[in-house]
Structure formats: C-alpha cells, structure tokens
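Just so you know, residue 1 is the first one in the sequence shown, and it goes up from there. Reckoned from all heavy atoms, side chains included, excluding hydrogens, waters and symmetry mates. Atoms within a ligand are numbered from 1 in the order they appear, just like the ligands themselves.
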Amino acid sequence: MLQHKKILLGVTGSIAAYKSALLARELQRRGAEVRVIMTPSATEFITPLTLATLTGHRVYSDFTENKDSGEWTNHVELGLWGDLFLIAPATAQTLSAMVAGTCDNFLMAVHLSSRCPVIAAPAMDLDMFQHDATQTNLKTLQKRGVPIIEPESGPLASGLDGKGRMAEPETIADWLESWFQSQAPLAGKKVVMTAGPTHEPIDAVRFIGNRSSGKMGFALATALKQSGANVHLISGPVQLSDPLGVHVTRVETAVEMHAAALEAFKTADIGIATAAVADFRAKSSASEKLHRNEMPAAIELHENPDILADWGKQKRNDQLLVGFALESDDGVNSAKSKLERKNLDMIVLNSTADPGAGFGTDTNKISVFEQNGNSHIFELKSKEEVAQDIVQLIQIQLQQ
Ligand code: PMT
C-alpha cells in the first residue's frame, strides 16, 4: 500500500528523532517516496545530512534556501506535494502548536499549508504524555481528523519507565499501510476472481488446455489489491508468482476451479471471471501415461460447468459480476449476449483479431459493455493499464 506514495516526514525535537532515519528507510523500502522537514531543534538530535543522504532529497528546516541570495523555500509547494504528512516524532510542543495553529518554524508553516492528511506519532516522557494538556491536545487533533499513532511503553530517555516512546519504525510503517488501505476506494470490498487456463487431463502427462498465460487476471488482481480490495484469486496453471497481498488458490481443472469459485463467491462483493476455462474435459482420463498404441482414436468429451453462469445464477442484489469474452472476430453481439445470458453487470470484450490483444501478450485492447447500456472502447494498452481502466469502471458501478 505504500508503493509510490509521497510521504512528507516531519521530524521534531525529541531523542526519538534518531528513529526517523530508520523510519525513512523503512518507508522507502516499502515503495514510498520520502521528503523530510525538520524543526530547528530536531537538527540538534539528528543531522539533516543523514536524512538527506538516506532519502536522496534535500532536507528542509528553514524558510530560506540561501540567506544571502534571498531565495526562500516554498512551504506551500511542499504541503501540496505529499499524499500524507507524517509528523514522527511529534513532541508535546509540536502537538500543542498544531492545536493552536502556531506558525513559528518551517515545519509548522507546511502543517498549515498542507492539503493532505496529517498523522502524528507522539514521543515524550510519560508524565508529559499523561498531562491533561497533552491528552486534551491529542483529543482535539483527533477530532479534527488527525490520526494519532499511539506511543509505546518502555524505558524512556529520562530513565523512567512508561508510555511515551515513539512507536517503532516498522510499527509506524505497518500502521500507515493499514491506514492507506482503509482510505482506498475499494477498501472493505471482497473480490473473488478466476484467472489463467484450466488443464483437463487425458492421461498422466497430456491435457486439453489453451494459451492463457494468466497475465490479464494477475494484473487485475494487483490493481484491485492496490485499490484496497481484499482479493481472492483462483488461478489455473500459470508461470506467474502470487501478486503481493493477494490470497491465491491454485487449481488445475475446471471442476476444481468451479468448486473453489462457487464457495468463495458466497461471501464476496464482486466476482470477476478472467479465466479461459476449458469448456470440455475428457470423459475419462488415464492415471498412467498412455503409450502411442494405447491412445484412443477419438477422445470423448464431457461438458465442464460454466463458473461464470453459475455465479450469475447465485448472484445477490448486493453483488457485482464482471465477465470477460474472448472472441476471434469483432465479437460485440456475442459479448452482449453473454452479458445477458450469464446475468452480468459488466463484460470485458477482447478479440484475438486485434494485434497485441488476448492470450499471452503483455498488452490488451478491450471494450466494456455494462448492463445499464453504457459502453467504453479503449485503445491497445499494457495489461496493467487495462486493469486500471477496469478497476475504475468497477468503482463507478459501485457508486451507482
Ligand atoms: O491470460 P492471458 O494470456 O493474459 O489472456 C487473457 C484472456 C484472453 C484469457 C482474458 O482476457 C479473457 O478474455 N478471458 C476470458 C476467456 C474466455 O474463456 O472467454 P469466453 O468468451 O469463452 O467465456 C466467457 C466468460 O465465461 C469468461 O469470463 C470466462 O471466464 C467464463 N467462463 C467460460 C467458460 C466456463 N466453463 N466457465 C467460465 O467461467
């Protein structure tokens, strides 16, 4: 959830400022871009050079770039840059200044100009933390929508033992991940998806299958996860590793995929079928490898269950159902008929007639038809970008 997030890290004058270096590192390790602002007193605990070196960006602690040239640092621009302004450590003095709207240093000026959410991780001695004034300030900030990352208990710099230590960098990073997750547009939504091909055994080594690589489904699972959804991906045999944070069930056959998908759909908010499920399986398969002279002249086929159609039969009013249609011609009529027949809210059409679209490619070209009559035609794009387009349309559908 921290991937590509822009985090403005405000460091104030506490001994816990040394942890800011580790915190900046941890946030970057998780994919965030970090810029640091320090109060003048914070620079006495840890040098701006340390944080500038770690983050690869200049550290700001003053209104002026260069006192002789009269250049000044634009606190408004910095305030607008961040997706989040994290003040860690936040001293009792800074918390009080935040409540009062004081603007007596550069960090407080950015605080007043920032439009992004502000989060504070307090650090102070236990008596200062328990003081009515501090507790009142914390409550006021929370009422204004500033979440507080609670300090931890333990030995303090004063020699006392109690609550006041700034939360550990890993704990703060975990906290921020959960927070970003809770703010994401699909937060709280449970999605079940199918992806990849299915392999229908003929004998111990041969199968009926198709050319699906799973790339489209895996890209979509990643995009949904990044939008905050809780994603359960049921995948046929593919050479792709599990998308980060996605629960993956690996299956081989259509019957296995059908069983897993129907069970998971019961508690899902959204069902998406990107899998290229084999429509037929061999009526009987051998558990050993058949030798050339043992192979039957013809393989009798048995129809596989249609997972998406069965989802459509089970669908409740509060569930959203998205299907895919793979055609080899323009396919619009066929896609629209699947939209109706399988009781879908949306169908994504891709055609092997379009160069770079469909099976195995890193790109796709889709048209989307919705139950409400809306349609959307997209250019050829990477499967990651196609996934973003589909997630956006799902978000719009959920708002209707
Ligand atoms: O995996 P890639 O290489 O990235 O390729 C992506 C893709 C081309 C496989 C994907 O974009 C795609 O189009 N998936 C659907 C392929 C397909 O089987 O289309 P269909 O028109 O035959 O089926 C219609 C819908 O019913 C699909 O959502 C399919 O998942 C579903 N279905 C079909 C048959 C079946 N037995 N069960 C199903 O759930």
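A donor-acceptor contact under 3.5 angstrom links the side chains of Thr249 and His232, judged on distance only. Using modelled atom types and a 3.5 Å distance limit, the side chains of His258 and Asp310 yield a donor-acceptor pair. Donor-acceptor pairing under 3.5 Å is recorded for the side chains of Asn364 and Asn350. There is a side-chain donor-acceptor pair under 3.5 Å between Asp125 and Ser158. Using modelled atom types, one finds a donor on one side chain and an acceptor on the other under 3.5 Å when comparing Glu385 with Ser382. The closest side-chain donor-acceptor pair between Thr198 and Glu200 falls under 3.5 angstrom. Side-chain contact, Thr50 with Thr47: a donor N or O sits under 3.5 Å from an acceptor N or O.
One finds a salt bridge joining Lys381 and Asp389 here, because a Lys/Arg side-chain nitrogen approaches an Asp/Glu carboxylate oxygen to under 4.0 Å. With respect to the salt-bridge test (charged N to carboxylate O, under 4.0 angstrom), the residues Glu327 and Lys338 qualify. A salt bridge does not link Lys336 with Glu340: none of the charged nitrogens is closer than 4.0 Å to a carboxylate oxygen. Salt-bridge annotation for Glu33 and Arg35: present, with a side-chain N of the basic residue lying under 4.0 Å from a carboxylate O of the acidic one. Using a cutoff of 4.0 Å between basic side-chain nitrogens and carboxylate oxygens, Arg281 and Glu303 are not scored as salt-bridged.
Of all the heavy atoms of Pro197, none lies under 4.0 Å from any atom of ligand 1, so neither backbone nor side chain is involved. Residue Thr361 does not touch ligand 1, judged by heavy-atom distances below 4.0 Å. The part of Thr274 lying near ligand 1 is the backbone, judged by heavy-atom distances below 4.0 Å.
For atom 6 (C) of ligand 1, the closest non-hydrogen atom on the protein side is Met216 CB, 3.6 Å. Given atom 36 (N) of ligand 1, the protein heavy atom at minimum distance is Pro305 O, 3.0 Å. From the protein, the heavy atom lying nearest to atom 27 (C) of ligand 1 is Phe324 O, 2.9 Å. In terms of protein heavy-atom proximity, atom 31 (C) of ligand 1 is nearest to Leu308 CB, 3.8 Å. Of the protein's heavy atoms, Leu326 N, 3.3 Å lies nearest to atom 19 (O) of ligand 1. Closest protein heavy atom to atom 32 (N) of ligand 1: Asp306 OD1, 3.8 Å. Scanning all protein heavy atoms for the shortest distance to atom 35 (C) of ligand 1 gives Val277 CB, 3.5 Å. The single protein non-hydrogen atom nearest to atom 11 (O) of ligand 1 is Asn350 OD1, 2.6 Å, given as residue, atom name and distance.
Close contacts between ligand 1 and Ser212 involve ligand atoms 1 (O), 2 (P), 3 (O), 9 (C) [criterion: under 4.0 Å to a heavy atom]. Close approach of ligand 1 to Ala273 (heavy-atom distance below 4.0 Å) involves ligand atoms 27 (C), 28 (O), 30 (O). Using a 4.0 Å cut-off to heavy atoms of Lys215, the atoms of ligand 1 that qualify are 1 (O), 2 (P), 4 (O). Close approach to Gly358 involves these atoms of ligand 1, each under 4.0 Å from a residue heavy atom: 5 (O), 8 (C). Distances below 4.0 Å separate heavy atoms of Gly360 from the following atoms of ligand 1: 2 (P), 3 (O). Residue Gly214 approaches ligand 1 through these ligand atoms, each under 4.0 Å from one of its heavy atoms: 1 (O), 2 (P), 3 (O).
Ligand 1 lies nowhere less than 4.0 angstrom from a heavy atom belonging to Gly196. Note on ligand 1: Ala254 sits outside its first shell, no heavy atom being nearer than 4.0 Å. For Ala357, the closest heavy-atom approach to ligand 1 does not fall below 4.0 Å. Remark: distances from the non-hydrogen atoms of Lys383 to ligand 1 include one below 4.0 Å. Within the structure, the closest approach of Gly217 to ligand 1 does not fall below 4.0 Å when heavy atoms are considered.
Of the candidates Ala278, Ala275, Ser334, Ala275 brings a heavy atom nearest to atom 29 (C) of ligand 1. One option in Lys338, Arg341, Lys342 has a heavy atom closer to atom 21 (O) of ligand 1 than any other, and that option is Lys338. Relative to atom 37 (N) of ligand 1, the option among Asn364, Val386, Asn210, Ile307 with the closest non-hydrogen atom is Ile307.
The salt bridge (charged side-chain N to carboxylate O under 4.0 Å, His left out) search around Lys289 returns none, not counting sequence neighbours.
The N/O atoms of Ala325, backbone and side chain alike, include none that comes under 3.5 Å of an N/O atom in ligand 1.
Residue pairs that meet the side-chain hydrogen bond (donor to acceptor under 3.5 Å, both in side chains) test with at least one member in residues 391-400, sequence neighbours left out, are Glu370-Gln397, Asn372-Gln400.
Geometric assessment of Lys365 against the ring of Phe378 yields a negative cation-pi assignment under the 6.0 Å and 45° thresholds.
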